[in-house]
Amino acid sequence: MRISDTRNMEEHDYLDRYRHSAAHVMAQAVKRIYPHARLGIGPPIEDGFYYDFDLPETITPDDFPRIEEEMRAIVAADHPFQRRELSFEEGRRLLEEQGEIYKLELLEGLKDDTISIYRSDGFVDLCRGPHLERTGEIKAFKLLSVAGAYWKGDEQRPMLQRIYATAFPDPRELRRYLAGVEEAKKRDHRKLGREMGLFSFHEEAPGAPFFHPRGVVLYRTLLDYWREVHEAAGYREIMTPLMLRDHLWHQSGHWEHYQDHMYLSTVGEQTFAVKPMNCPGTLLYYRETQHSYREFPLKVAELGRVHRRELTGVLHGLFRVQSFVIDDAHIFCLPEQVTGEVVKVVDMIISIYRTIGFPEFAVEISTRPESSIGSDDDWELATRALKEALEINRIDYQVSEGEGAFYGPKIDFHIRDCLKRSHQCGTIQLDFSMPERFNLEYVGADGNKHRPVMIHRATFGSIERFLAIVLEHYGGVLPLWLAPVQAVVLPISARTIDYGRRVRKELAEAGIRAELDERDEKIGYKIRSARLQRIPYMLVVGPAEEKAGSASVRHLRQGQRGEWPLEKIREELSGEIAARTGYDSCLLTEPD
RNA sequence: GCCGGCGUAGCUCAACGGCAGAGCAGCUGAUUUGUAAUCAGCAGGUUGGAGGUUCAAAUCCUCUCGCCGGCUCCA
């Protein structure tokens with residue numbers, strides 16, 4: 001570990017202590033206002049802290065100023081945080097006296113003989129600590145939101161009221177954090193999707209997006225690129241039905257394990273399920289013919305639309321939908337080919353992320369969970385193959401023990417967007433279950449039948465969700481190759497509309513997605529309008545440009561680029577599109 | 001699903017028991033415009049839906065649908 005890492009860790013510890021102390025102050029403030037409130041837990045979290053309360057009144061954001069005011073008073077009084085150790089029994093008596101039933105439950109879960117409490121002013125809380133020295137050290141905090149949260153995350157247990165808040169040692173950091181939250185709101189893909197005319201949602205189809213013409217262009221552009229890469233890598237693409245009969249899902253195990261998430265439909269005598277996953281369809285394709293080891297690795301891709309019923313409360317724009325396309329592919333291969341194939345997949349996923357503008361990502365390997373199928377040997381071998389593949393690619397990874405699927409170990413890719421948020425996208429999973437259930441076979445070199453290894457993998461995961469990530473990452477200001485409208489021609493006045501038409505047509509013929517704004521408006525108005533639509537190139541044409549056969553080029557991020565001859569515009573833009581040039585940073589030049 | 005909040009014109013919001021409004025967008029006209037909003041006029045609504053309370057409901061109550069913030073960060 002480098003020295004700087006140590007310091008980061010110390011800072012991190014301090015911040016946790018700081019926020020944990022702020023959580024105590026908040027709990028004390030809430031207790032002052034609602035003396036009968038019972039306390040749940042109040043830990044520091046990544047961007048702040050929260051505290052859970054059980055009380056009959058409902059806390060709303062309207063109550064925040066009052067709580068914050070009380071917190072400021074506690075901070076101003078500068079009470080010391082005093083640690084005291086008690087025996088288990090003393091602790092129990094104290095909490096019983098206070099009627100803190102949740103804390104009592106936590107206490108029961110502790111095995112230690114002695115426990116610690118922290119006292120500041122009149123407020124006492126069961127707490128491991130550590131804390132700051134005094135409440136006066138807390139400089140900047142803000143309550144953010146209130147939400148219901150089940151006690152211990154268990155929906156069978158009572159629901160408490162959780163107040164989310166944040167605190168920073170430096171008020172400037174708090175301001176910066178709040179500005180970041182604002183920035184994220186501005187970049188909300190649901191807002192961008194509306195402003196840019198990409199997609200919409202309707203009550204008639206909860207959790208199922210409607211893509212509008214410009215949204216379809218974006219969607220298709222992403223998939224065109226995906227197909228190009230996959231074809232070059234030797235994948236072949238199939239399409240399988242949206243609905244398949246029930247016995248298939250019994251065979252695959254989905255009926256048993258996944259039925260709550262499936263849309264079912266009975267038509268006449270037959271029951272169908274709308275597919276929640278693509279693999280069973282692919283397996284029917286595989287079984288359609290006999291296979292030889294000579295065909296391996298056999299790479300079968302499917303951009304398959306799946307439907308999954310979700311709890312209504314979890315739907316969230318394109319991030320969490322009930323109908324979406326997975327960029328699936330299944331690789332059938334020999335055991336000894338696994339490592340090599342995984343290496344190639346990892347390589348491809350990274351290259352795709354980089355092209356789209358996500359150079360930063362984290363990789364996680366999940367190992368065998370408690371309830372799972374397959375032999376220890378299979379798991380051991382497969383897990384080692386995955387690790388080896390990452391090591392060959394020189395990729396750092398983190399191991400999540402026991403987090404694998406029941407049917408095999410997996411690698412997950414978490415991309416990091418420019419607001420430093422992490423999103424799980426790509427996945428590579430080994431599957432011991434399906435080949436077995438579907439009795440897959442191939443003929444080996446020895447002339448006997450064997451069971452192939454099946455690798456299940458996706459780069460984007462859900463296309464819909466990935467689009468949302470891309471949109472928020474770029475704040476809607478997409479790289480040229482992805483922009484639904486790449487250039488808009490803006491005539492100064494009606495007099496140059498004809499010339500504008502010629503310019504637009506010429507660009508369109510060169511394969512550039514160009515539009516013309518022929519509305520009877522002033523140029524400032526048209527520029528504003530183009531910017532709000534996040535169109536990368538604005539081409540202003542007036543009499544001077546008409547005469548010169550040029551256009552005045554204005555770029556969404558770079559501003560005025562000067563007057564370019566049409567030929568140069570065509571070449572520059574085509575070159576930028578073909579190279580899929582991205583932006584180094586995605587935080588500059590925000591349209592308002 | 002659960003807790004809380006919110007559904008008013010295409011969008012952003014006002015009216016919070018007493019005639020449903022504004023800005024932007026849209027349409028029509030005038031203007032012929034040089035780098036982030038030209039002016040005027042017109043049109044736009046069973047206030048998400050159903051039921052109830054009331055002389056009177058966007059407003060209060062019940063149900064329902066949808067959306068938003070959360071519900072695996074364990075003293």
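Per chain, numbering begins at 1; letters A, B, ... match sequence-line order.
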At 4.0 Å (heavy atoms only), tell me whether [X] reaches a base, stays on the sugar-phosphate, or touches nothing.
X: A:Y164; answer: sugar-phosphate
X: A:H202; answer: nothing
X: A:R157; answer: nothing
X: A:L311; answer: base
X: A:R128; answer: base
X: A:P44; answer: sugar-phosphate
X: A:S552; answer: base
X: A:L315; answer: sugar-phosphate
X: A:K522; answer: base
X: A:I45; answer: base
X: A:E545; answer: base
X: A:Y50; answer: sugar-phosphate

Item checked: side-chain N/O A:T60 vs B:G5 OP1/OP2, d < 4.0 Å -> no
Notebook entry, point to check: Centroid-to-centroid, A:F466 to A:H423, below 6.0 Å?
Noted result: no
Margin query: Could you report the tightest heavy-atom contact between A:F123 and A:H24, atom names first, then the distance?
Written below: CE2-O, 3.7 Å
Is there a side-chain contact between [X] and [Y] (heavy atoms, below 4.5 Å)?
X: A:F88; Y: A:R92; answer: yes
X: A:W564; Y: A:S552; answer: no
X: A:P61; Y: A:V146; answer: yes
X: A:F49; Y: A:M26; answer: yes

Next item on the list: Could you identify which residues of residues 80-92 of chain A place a heavy atom less than 4.0 Å from some atom of RNA chain B, listed by residue number, or say none?
Entry: none
Checklist line | RNA chain B-proximal residues of residues 408-417 of chain A, any heavy atom under 4.0 Å | finding: none
Margin query: Looking at the base of B:G1, is there any donor atom on it, or on the side chain of A:Y150, that sits under 3.5 Å from an acceptor on the other one?
Written below: yes
Spacing of the [atom1] atoms in [M] and [N] (rounded, Å):
N: B:U59; M: B:G7; atom1: P; answer: 11 Å
N: B:C60; M: B:A43; atom1: P; answer: 32 Å
N: B:U8; M: B:C13; atom1: P; answer: 9 Å
N: B:G70; M: B:U64; atom1: P; answer: 25 Å
N: B:G17; M: B:G23; atom1: P; answer: 25 Å
N: B:G44; M: B:G10; atom1: P; answer: 12 Å
N: B:C67; M: B:A25; atom1: P; answer: 29 Å
N: B:U46; M: B:A58; atom1: P; answer: 13 Å

Note to self: Hydrogens and angles aside, do A:R83 and A:Y118 bring a side-chain donor and acceptor to less than 3.5 Å of each other?
What the structure shows: yes
What nucleotide, of [options], holds the atom closest to the side chain of [X]?
X: A:A494; options: B:G1, B:U32, B:C68; value: B:U32
X: A:I527; options: B:A37, B:U38, B:U35; value: B:U35
X: A:R194; options: B:G1, B:U35, B:U12; value: B:U12
X: A:V540; options: B:G70, B:G34, B:U32; value: B:G34
X: A:R495; options: B:G34, B:C67, B:U32; value: B:U32
X: A:Y525; options: B:C68, B:A25, B:G34; value: B:A25
X: A:R190; options: B:C71, B:C68, B:A36; value: B:C68
X: A:T58; options: B:G4, B:G34, B:G66; value: B:G4
X: A:R528; options: B:G34, B:G26, B:A36; value: B:A36
X: A:M159; options: B:G1, B:C3, B:G69; value: B:C3

Notebook entry, point to check: Is A:E96 atom CD crowded by more than 12 heavy atoms from other residues, nucleotides or ligands, each under 6.0 Å away?
Noted result: yes
Next item on the list: Count the heavy atoms belonging to other residues, nucleotides or ligands that lie under 6.0 Å from CD of A:E567, then report whether that count exceeds 12.
Entry: no
Notebook entry, point to check: Centre of A:Y50's six-membered ring, under 6.0 Å away, within 45 degrees of the axis: is that where NZ or CZ of A:R162 sits?
Noted result: yes
Item checked: Ring-face cation contact, A:Y583 with A:R557, 6.0 Å cut, 45° max -> yes
Check: Taking only Watson-Crick and G-U wobble pairs with both distances under 3.5 Å, what dot-bracket line describes RNA chain B, where [ ] shows pairs that cross earlier ones and | shows pairs with another strand?
Finding: (((((((..((((....[..)))).(((((.......))))).....(((((..]....))))))))))))....
Notebook entry, point to check: Can A:D125 and A:K31 be counted as an ion pair, charged N to O under 4.0 angstrom?
Noted result: no
Next item on the list: Determine, for A:R190 against A:D188, whether the closest basic-nitrogen to carboxylate-oxygen distance falls under 4.0 angstrom.
Entry: yes
Notebook entry, point to check: Which residue, A:H24 or A:P543, contacts RNA chain B at a nucleotide closer to its 5' end, judged by nearest heavy atom?
Noted result: A:P543
Checklist line | A:R214 vs A:Q533, side chain to side chain donor-acceptor pair (under 3.5 Å): CA-CA, chis, key distance, verdict | finding: CA-CA 11 Å; A:R214 288 184 180 184; A:Q533 295 171 74; 2.8 Å; yes
Margin query: When you measure from the side chain of A:H79 to the backbone of A:T135, do you find a donor-acceptor pair of N or O atoms at a distance under 3.5 Å?
Written below: no
